[in-house]
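Everything below concerns the one structure shown next.
Just so it is clear: chains get the letters A, B, ... in the order the sequence lines come, proteins before strands, and each one is counted from 1. Values below: every heavy atom of this structure, side chains too, minus hydrogens, waters and symmetry copies.
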Amino acid sequence: MNLIVIFFSFVLVNNFILSKFMGLCPFIGVSQNRESAVGMGFAVIFVMSISSLLTWAVYHAILAPLGIEFLKTIVFILVIASLVQLVELVIRKLSPALYKALGIYLPLITTNCAVLGIAIISVDENFGPLESFVAGMSGGIGFLMVLVIMSFLRQKLLLEKVPAPFRGVPIAFITAGAMALAFMAFNSSMISNLFPGV
Amino acid sequence: MIKELTKGIFKENPVLVLLLGLCPTLGVSGKFFNAIGMGMGVIFVLVCSNAVISLLKKVIPNQVRIPGYIVVIATFVTIVELVLKAFSPVLYSGLGIFIPLIVVNCIVLGRAEAFAGKNRLIPSVLDGLGMGIGFTLSLMLIAFIREILGSGTLTLWESGSVVYRFVIPGLSESPAAVLATPAGALFVMGFVIAGINALKAYRSRPGRKDKEKRKGAAA
């Protein structure tokens, strides 16, 4: 598949939060504050791109030759958990500033479904190494984009008069639903119109 | 002991009160049957992983407990995945990627960390069962609303040629199709949580306790 198509498909059409419902817990949890939304988003982009490349390598170099593809769930989650630990250690040593910005979000990423999700999707769709990497990165970019838009919306919501039972999480869900409605305009026919022939 | 079982169903309902495990709740709630299947899968994984983790709590070193828990959970998730693939291909394709994603369902790891890692076998099993039932009930509630209003049907069982599906007359010709889309899932979730909040506020409103006392005195 064309890399451009993969990029637009994971950022806009099949956005992880709004159309696949992956990564909703951090989406509701950290979208109240713009700084944490940006920090979480970049940490997710970082981990998703590397982990989808790494799980591709593990799947095609170890699992497929041995014929134990059915173990992919166990192996992938271990790869992701150890990768997150490693990334945390490396960032802490190399760049204390980056660690300060992303550090607290890294442990939360292990249980973000989007990370395991993109690894499994890449394998199921038979992506190559570069395609897996781009898919992971664009999934993360789509996640960051929606998270940042949502943090702006929630800031505006603070100033609105919301009925008491809807305050906080319920109105956040309904706002996200409205955003998902808007994102339905991005569909696969839009991509084939934009990039005819791919 | 029985409190461990019931707390997950109402007071600490994992989805609607604690807001855990949101991704599968929204992702598979388009069809009632998928919601039941997902709920059964999560109950199995929760009960088994809680049991094994509470038995192994002295064996797993504290520093590596999270990876240890994840391996135990992933093992049971793989069992669910293989069993569904063999016996119910319809459900397997309906739930799709959300079956392997049970591994990262925050409810399962959350119960392992908060309960099973500290308690004995029987309470841990009951806790897992209660939380699993609470998850299933809230999933069924949301799927019920979404399937009836969004497609005008209610699918109770679907396996090969055996399909039990109610078609609601009047609704199935012109359903509110937006509720079947991802956006509709977010709307329904928002309204259901708001409903729970309103119920909580109603039950704890001032004056309710006094009224009950007076009633008791009169009786």
Side-chain angles (χ1 to χ4, degrees), chain A residues 14-29 70-78 80-82 84-85 107-121 123-124 162-184, chain B residues 16 19-29 64 66-82 85 96-110 178-179 181-202:
Chain A
N14 293 318
N15 186 285
F16 266 86
I17 295 176
L18 295 179
S19 81
K20 284 189 188 297
F21 303 121
M22 293 180 197
L24 278 173
C25 305
F27 172 64
I28 296 294
F70 66 91
L71 286 179
K72 68 172 190 282
T73 313
I74 304 181
V75 174
F76 283 7
I77 191 70
L78 278 180
I80 291 168
S82 27
V84 169
Q85 288 268 295
L108 296 176
I109 289 179
T110 313
T111 53
N112 185 337
C113 352
V115 181
L116 182 61
I118 192 71
I120 293 173
I121 290 175
V123 163
D124 287 349
V162 178
F166 282 92
R167 259 173 231 152
V169 176
I171 196 72
F173 267 113
I174 292 170
T175 315
M179 198 161 39
L181 273 186
F183 266 68
M184 279 165 72
Chain B
L16 299 175
L19 301 176
L20 297 174
L22 295 171
C23 314
T25 310
L26 296 182
V28 304
S29 61
V64 293
I66 300 286
Y69 295 166
I70 288 181
V71 175
V72 172
I73 294 166
T75 309
F76 289 112
V77 171
T78 307
I79 294 174
V80 169
E81 204 177 347
L82 295 176
K85 201 174 183 176
I97 192 166
F98 286 100
I99 306 171
L101 287 184
I102 298 176
V103 179
V104 282
N105 188 326
C106 346
I107 301 172
V108 185
L109 191 62
V178 66
L179 291 183
T181 64
L186 292 162
F187 285 136
V188 172
M189 192 70 196
F191 278 102
V192 168
I193 297 177
I196 300 275
N197 284 349
L199 195 69
K200 264 194 273 179
Y202 175 79

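In this structure the side chain of A:I174 never reaches within 4.5 angstrom of the side chain of B:L186, judged on heavy atoms. Between B:I70 and A:T110 the shortest side-chain heavy-atom distance falls below 4.5 Å. Using a 4.5 Å heavy-atom threshold, the side chains of B:L22 and A:F173 count as touching. Side-chain contact between A:L116 and B:L101: present, with at least one pair of heavy atoms (C-beta onward) separated by less than 4.5 Å. Between B:P182 and A:L18 there is no side-chain heavy-atom pair separated by less than 4.5 Å.
Only the side chain of A:M184 has a heavy atom closer than 4.5 Å to any heavy atom of chain B. Heavy atoms of A:I121 lying under 4.5 Å from chain B belong to its backbone as well as its side chain. Residue contact with chain A, scored on non-hydrogen atoms closer than 4.5 Å, involves the side chain of B:T78 exclusively. Only the side chain of A:L78 comes within contact range of chain B, with at least one heavy atom under 4.5 Å from a heavy atom of that chain. Interface remark: B:I97 contributes side-chain atoms only to the contact with chain A (heavy atom separation under 4.5 Å). For chain A, no part of B:V188 is nearby; none of its heavy atoms comes within less than 4.5 Å. Interface remark: B:A201 contributes no atoms to any contact with chain A (heavy atom separation under 4.5 Å). Proximity to chain B is absent for every atom of A:S82, based on heavy atoms less than 4.5 angstrom apart.
Considering all non-hydrogen atoms of both residues, A:C113 and B:C23 come closest at SG-SG, 2.9 Å. When all heavy atoms of A:P165 and B:N197 are compared, the closest pair comes out as O-ND2, 3.0 Å.
Within the model, atoms CD of A:Q85 and CD1 of B:I66 stand 9.5 Å from one another, a figure rounded to the nearest 0.5 Å. Rounded to the nearest 0.5 Å, atoms CD1 (A:I17) and CG (B:L26) are 12.0 Å apart. Considering CD1 of B:I99 and CD1 of A:I120, their distance stands at 10.0 Å, rounded to 0.5 Å. If you take CZ on B:F98 and NZ on A:K20, they are separated by 8.5 Å, rounding to the nearest 0.5 Å. Taking OG1 from B:T75 and CD1 from A:I74, the interatomic distance works out to 4.0 Å, rounded to the nearest 0.5 Å.
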Working note: A:F166 + B:F191, criterion ring pair (Phe, Tyr, Trp, His ring centres under 6.0 Å); need CA distance, chi angles, decisive distance, verdict. CA-CA 8 Å; A:F166 282 92; B:F191 278 102; 5.4 Å; yes

Run the side-chain contact (heavy atoms from CB on, under 4.5 Å) test on A:L181 and B:V178 for me, step by step, so that the C-alpha distance in whole Å, both residues' side-chain angles and the decisive distance to 0.1 Å come before the verdict. CA-CA 9 Å; A:L181 273 186; B:V178 66; 3.7 Å; yes

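Ranked by non-hydrogen atom pairs under 4.5 Å with chain B, the options A:G177, A:G23, A:A178, A:A180 are led by A:G177. Per-residue heavy-atom pair counts under 4.5 Å with chain B were compared for A:A81, A:P163, A:S19, A:A172, and the maximum is reached by A:S19. Looking only at heavy-atom pairs under 4.5 Å with chain B, the residue among A:I77, A:L71, A:T175 that has the most is A:I77.
For B:L199, the side chain to side chain contact (heavy atoms under 4.5 Å, CB included) criterion is met by no residue, not counting sequence neighbours.
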